[in-house]
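Shown next, in C-alpha cells, is the structure this report addresses.
Positions are given from 1, in the same order as the sequence printed here. Start at 1 and go down the list; that is how both ligands and their atoms are numbered. Below, all heavy atoms of this structure are taken into account, side chains as well, without hydrogens, waters or symmetry copies.
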Amino acid sequence: MDETTEGSFQIIGGNFGNAGEASMQLKSKLTELGVNEAIIRRAAIATFEAEMNVIIYAAAGRLHYYINRDKITIKIDDMGPGIENIELAMQEGYSTAPDWVREMGWGAGMGLPNMKKNSDEFRIDSVVGEGTTIEIVINLS
Ligand SMILES: Nc1ncnc2c1ncn2[C@@H]1O[C@H](COP(=O)(O)OP(=O)(O)O)[C@@H](O)[C@H]1O
Ligand SMILES: [Mg+2]
C-alpha cells in the first residue's frame, strides 16, 4: 500500500433509502486492501454516523477518503444549517433530531461522541448557515 487510495461519495440530505451507502463502500475498499478488521469496524462506525448526520440534518454533503500505509483519513463536509454550539453537540445524549427521525430509530445523541471515540484524530468545524466539516483519522500502524 505505497500509494494513496482515495475516493469520494455524494450524500443527499433526506435520502434515508441510501443510508449507509458511503460507509459500506469505504468498508469494502478497506477489506479489499486487507486492513485489520478491528480498524475497519472503527472506520465503518465513525463514517456511518457522519453519513447519517448529513442525511438527517443537511441538504447535501460529500464524503472523501484517503488511505495510505499509515492512516485512513475521512472528510465529510456538508451544506446544511451548521452547528451553533459544538461543545454541546459533542455531549453524549444531546440531540435536536425531530420526532419523525426518532421514530425511525435515530437521534440518540451518540453519533458525534462515537465518531470521536472511534477516531485517533477527530476535528469538527462548523459555520452556522453554511455547513459542517468533519475530519476523522484512524491510524493503521
Ligand atoms: N452535519 C450536521 N449538521 C447540522 N447539525 C448537526 C450535524 N451533525 C450533528 N448535528 C447536531 O448535533 C447534534 C448531535 O449529533 P449526534 O451526536 O450525531 O446525535 P444525533 O444525530 O443522534 O442527534 C444533532 O442532534 C444536531 O443538532
Ligand atoms: Mg447523529
Donor-acceptor side-chain pairing of Thr47 and Ser23 below 3.5 angstrom: no
Arg102 CZ: over 12 foreign heavy atoms closer than 6.0 Å: yes
Check whether the side chains of Gln25 and Glu21 place a donor and an acceptor atom closer than 3.5 Å, and report yes or no. yes
As a quick check of understanding, evaluate salt bridge (Lys or Arg N to Asp or Glu O under 4.0 Å) for Lys117 and Glu49, giving each step before the final call. CA-CA 12 Å; Lys117 212 172 285 176; Glu49 291 292 355; over 6 Å; no
Quick check on the hydrophobic clustering: are Ile134 and Met110 connected, directly or via other members, by side-chain heavy-atom contacts under 4.5 Å? no
For ligand 1, find each of its N or O atoms that sits under 3.5 Å from a protein N or O atom, and tabulate the pairs with distances to one decimal place.
from	atom 1	to	atom 2	distance (Å)
ligand 1	1 (N)	Asp78	OD2	2.8
ligand 1	8 (N)	Asn53	ND2	3.2
ligand 1	17 (O)	Gly111	N	3.2
ligand 1	17 (O)	Leu112	N	2.9
ligand 1	18 (O)	Asn53	OD1	3.1
ligand 1	18 (O)	Asn53	ND2	2.9
ligand 1	18 (O)	Leu112	N	3.4
ligand 1	21 (O)	Asn53	OD1	3.1
ligand 1	21 (O)	Tyr57	OH	2.8
ligand 1	22 (O)	Ala108	N	3.2
ligand 1	22 (O)	Gly109	N	2.8
ligand 1	23 (O)	Tyr57	OH	2.7
ligand 1	23 (O)	Ser95	OG	2.5
ligand 1	25 (O)	Tyr57	OH	3.0
ligand 1	25 (O)	Thr96	N	2.7
ligand 1	25 (O)	Thr96	OG1	3.3
ligand 1	27 (O)	Thr96	OG1	2.5

The Mg ion (ligand 2) contact by Tyr57, N, O or S atom under 2.8 Å: no
Using 0.5 Å steps for rounding, measure from the CD1 atom of Ile86 to the CG atom of Asp125. 6.5 Å
